[in-house]
Amino acid sequence: MPHVDLLLIGTGSGNSILSEEFRDRSVAIVERGVFGGTCLNVGCIPTKMFVHTADVAATPASSSRLGVDETLDQVRWPHIRDRIFGRIDPIASGGRDYRTTHPDNAHVTLYEGTARFTAERQVQIEPNDGGPSLSLTADQVVVAAGGRPYIPNIPGLADVPFHTSDTIMRLEELPRHLTVVGGGYVATELAHVFSSLGVAVTVINRSGALLRAEDEEVSARFTELADLKWDVRLNTTVRRVDQHGSALRLELAGPEGETTLETGELLLAVGRVPNTDLLDAPAGGLAMNPAGLLVVDEYQRTTVDGVWALGDICSPWALKHVANHEARIVQHNVLHPESPQAADHRYVPHAVFSSPQVASVGMTEKHALAQGIEISVARQAYADIAYGWAMEDTTGFAKLVAEKGTGRLLGAHIIGPQAPTLIQPLIQAMSFEQDVREIARGQYWIHPAMPELVENALLQLD
Ligand SMILES: Cc1cc2nc3c(=O)[nH]c(=O)nc-3n(C[C@H](O)[C@H](O)[C@H](O)COP(=O)(O)OP(=O)(O)OC[C@H]3O[C@@H](n4cnc5c(N)ncnc54)[C@H](O)[C@@H]3O)c2cc1C
Ligand SMILES: NC(=O)c1ccc[n+]([C@@H]2O[C@H](COP(=O)([O-])OP(=O)(O)OC[C@H]3O[C@@H](n4cnc5c(N)ncnc54)[C@H](O)[C@@H]3O)[C@@H](O)[C@H]2O)c1
């Protein structure tokens, strides 16, 4: 049975581990899908390329309030789709070619197939081309096998065509109507994309608010604004789906009782599941938590000696910046076992690139109160800063949660233009434990730029 120094499962964030310091080690990589993983091929990168395009397409709809009357003449979907994937696909194949043919990677073998544990640090690989399976052992294993869309158990689903985030971005043509099931990141980002490109969108959400995990005021504002653009059905579930001519017919149960809805395309965006089942983690001795994530300690060590994990296979955040951070930790710890580093998960921020945009770090007001912390809460509207006047923004705001007395920032939540960019100084403040008074007063804030939103929010804290 072949043996390698290092076995890497998954080429998303895991692929970045192989620096030149690994050149004297034999390495095997196993990848069952497209080289480069979720973020590059079907996740962050294409979605944000579509989101930017959608933002541009949506501009005419909001420009008349500034006295500029614009119209959207045409959306050329095949051009947009092919422009985006015409950039991404060569990066994925280039990454694969680099690992398989470049002399830098003479010590690396890429196996294209599915790895499944058969013992500790031992896998069986089922090649994608149907060839004979192969077993492999390794001194060290890095599991970076990510996750995939969760497919809910809806009667009739197996007999109809439906989409997940893996497929919807490659549609042949735009439908007249799209139904999105879910109310989280993927649902709200892709609803924005398709509605801005001219598709009528219905969002079906099981709970009573979109982006329900956000601070309550942010989630409520987002839901209120979404309702103005999309047909939002809250507290509603899909009971059944059937093909009806060229359309799909959904049977819904919601506040109005049982209703039906006809739609051109169906997008399921109801969360993701880790790929631990495909790996047969228990056969490798790897412990999982109740959510199916691999159990790791602060050094990203699994429960088996010499086996490490990173990213969506073990991380409750399922965010690319977290996977990247964990990849750097694993890289260091595999190379320098004598001085291991711990991952820093203290203040993990996130952003939702919908319309409006949302960004958040740390505790919501509700979480802080639940912990019995005495808090000061500040709210600053975009409408009350100079750049907000320039944009005629009437709905965005920043909300800060700080500990009373100490000046310690506990959480920051922004909804509105450029929220993911505006929040960065607050992430920095929390990570470096800066006093909010010092950040507000101890530096210049460019006038009249958008970060005055953050400055003014900080100045309001008690
Ligand atoms: C639509 C969408 C948009 C997103 N947008 C953002 C965003 O804006 N910002 C952000 O921070 N995050 C975003 N994310 C999340 C982000 O993409 C993931 O957190 C990140 O890509 C996870 O990286 P990973 O390396 O853990 O896993 P992946 O990139 O999923 O890599 C895992 C790889 O392992 C392979 N694999 C799995 N099982 C096996 C096996 N048994 N054998 C061999 N290979 C296997 C898979 O084929 C895959 O290529 C988005 C996700 C989606 C779906
Ligand atoms: N901007 C970003 O960083 C970004 C963008 C997209 C995805 N992601 C990552 O990918 C993950 C997956 O995104 P997502 O939007 O699929 O998940 P999510 O967890 O954000 O949202 C899932 C939604 O589906 C609903 N839901 C769950 N089970 C359901 C069921 N059985 N029936 C009906 N509704 C159900 C939930 O109430 C929620 O509204 C995210 O958690 C995030 O980590 C990140």
Side-chain angles (χ1 to χ4, degrees), residues 7-17 29-48 50-51 92 111-117 123-126 128 142-154 164-166 168-169 180-191 193 203-214 219 234 236-238 267-281 309-327 348-354 357-360 420:
L7 166 65
L8 189 55
I9 306 175
T11 60
S13 320
N15 183 47
S16 65
I17 286 180
I29 304 179
V30 194
E31 173 56 64
R32 73 190 300 268
V34 181
F35 196 95
T38 302
C39 176
L40 174 66
N41 293 299
V42 289
C44 337
I45 296 183
T47 50
K48 268 78 258 184
F50 280 105
V51 164
Y111 295 94
E112 294 182 301
T114 302
R116 192 169 54 80
F117 281 97
V123 294
Q124 183 171 318
I125 302 167
E126 295 300 335
N128 289 342
V142 173
V143 188
R148 61 184 189 273
Y150 166 65
I151 308 298
N153 186 12
I154 300 173
T164 66
S165 53
D166 284 354
I168 190 91
M169 290 180 268
V180 182
V181 182
Y185 288 79
V186 173
T188 56
E189 290 184 354
L190 291 176
V193 166
V203 177
I204 298 179
N205 191 40
R206 199 174 50 173
S207 70
L210 302 181
L211 298 183
R212 198 167 55 120
E214 301 297 332
S219 164
L234 301 175
T236 300
T237 53
V238 183
L267 168 64
L268 299 176
V270 290
R272 291 176 66 82
V273 288
N275 285 325
T276 33
D277 54 343
L278 302 175
L279 285 168
D280 198 354
L310 63 96
D312 289 9
I313 195 76
C314 62
S315 164
W317 290 281
L319 295 167
K320 180 61 174 168
H321 40 275
V322 176
N324 286 344
H325 171 74
E326 293 174 355
V348 174
H350 66 263
V352 185
F353 297 80
S354 183
Q357 297 186 334
V358 168
S360 166

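Note that ligands are numbered from 1 as they come in the structure, with each ligand's atoms numbered from 1 the same way. Positions are given from 1 along the sequence. Hydrogens, waters and symmetry mates are skipped; everything else that's a heavy atom, side chains included, is used. In this text the structure is predicted, and so the values were computed from the model without any measurement.
Ligand 1 is never approached by A327 to a heavy-atom distance shorter than 4.0 Å. Contact annotation: R148 has no heavy atom less than 4.0 Å from any atom of ligand 1. Heavy-atom separations between V42 and ligand 1 include at least one value shorter than 4.0 Å.
Nearest-residue assignment for atom 16 (C) of ligand 1 (options G147, C44, G43; heavy-atom criterion): C44. When the options G113, G10, G311 are ranked by their closest heavy atom to atom 43 (C) of ligand 1, first place goes to G113.
Annotation: side chain of R148 is in contact with side chain of D277 (closest heavy-atom distance under 4.5 Å). Residues V358 and T188 fail the side-chain proximity criterion, which asks for heavy atoms closer than 4.5 Å. When side chains are defined from C-beta on, V123 does not count as touching Y111, because their heavy atoms never get closer than 4.5 Å. At a threshold of 4.5 Å between non-hydrogen side-chain atoms, the residues L310 and V142 count as touching. At a threshold of 4.5 Å between non-hydrogen side-chain atoms, the residues H325 and V348 do not count as touching.
Inclusion of A115 in the set of residues having an N or O under 3.5 Å from an N or O of ligand 1 is warranted. Not a single N or O atom of I313, backbone or side chain, sits closer than 3.5 Å to an N or O atom of ligand 1. Polar contact with ligand 1: absent for V186 (N/O pair, distance under 3.5 Å). Polar contact with ligand 1: absent for R272 (N/O pair, distance under 3.5 Å). Between R32 and ligand 1, a contact under 3.5 Å exists for at least one N or O pair.
With respect to atom 23 (O) of ligand 1, the closest heavy atom belonging to the protein is S13 OG, 3.3 Å. Annotation: atom 27 (O) of ligand 1 to nearest protein heavy atom, G146 CA, 3.3 Å. Of all protein heavy atoms, the one closest to atom 32 (C) of ligand 1 is A144 O, 3.2 Å. Residue, atom and distance of the protein heavy atom nearest to atom 35 (C) of ligand 1 are E31 OE2, 3.4 Å. Nearest non-hydrogen protein atom to atom 37 (C) of ligand 1 is A145 O, 3.0 Å. Closest to atom 8 (O) of ligand 1 among all protein heavy atoms lies K48 NZ, 2.7 Å. Summary of contacts: the protein heavy atom closest to atom 29 (O) of ligand 1 is T38 N, 2.9 Å. In terms of protein heavy atoms, atom 18 (C) of ligand 1 is closest to D312 OD2, 3.3 Å.
Looking at T47 against ligand 1, only its side chain comes within 4.0 Å, counting heavy atoms. Here A318 has backbone heavy atoms under 4.0 Å from ligand 1, and that is the only part of it that gets that close.
Panel note: side chain S219, backbone A209; no donor-acceptor pair is recorded below 3.5 Å. Panel note: side chain T236, backbone N205; no donor-acceptor pair is recorded below 3.5 Å. N275 places a side-chain N or O within 3.5 Å of a backbone atom of A145 that can act as its donor or acceptor partner.
Residue pairs meeting the side-chain hydrogen bond (donor to acceptor under 3.5 Å, both in side chains) criterion with at least one member in residues 311-322, sequence neighbours excluded, are S13-K320, K320-N324.
The protein residues lying under 4.0 angstrom from ligand 2, judged by non-hydrogen atoms, are K48, G182, G183, G184, Y185, V186, E189, N205, R206, A269, V270, G271, R272, W317, A318, L319, A351, F353.
Tested against L268, the residues I168, V181, V180 include a single side-chain contact (heavy atoms from CB on, under 4.5 Å) partner, V181.
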Item to check | From CA spacing to verdict: salt bridge (charged side-chain N to carboxylate O under 4.0 Å, His left out), E126, R32 | outcome: CA-CA 9 Å; E126 295 300 335; R32 73 190 300 268; over 6 Å; no
Checklist entry - Where do E189 and S165 land on the side-chain contact (heavy atoms from CB on, under 4.5 Å) test, with the steps shown first? => result CA-CA 10 Å; E189 290 184 354; S165 53; over 6 Å; no
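Taking every heavy atom of G12 and a limit of under 4.0 angstrom, the matching atoms of ligand 1 come to 25 (O), 29 (O), 31 (O). Set against the non-hydrogen atoms of V30, the atoms of ligand 1 under 4.0 Å away are 43 (C), 44 (N). Listed by number with element, the atoms of ligand 1 under 4.0 Å from a non-hydrogen atom of G33 are 47 (O). Near H321, with a cut-off below 4.0 Å to any heavy atom, the atoms of ligand 1 are 11 (O).
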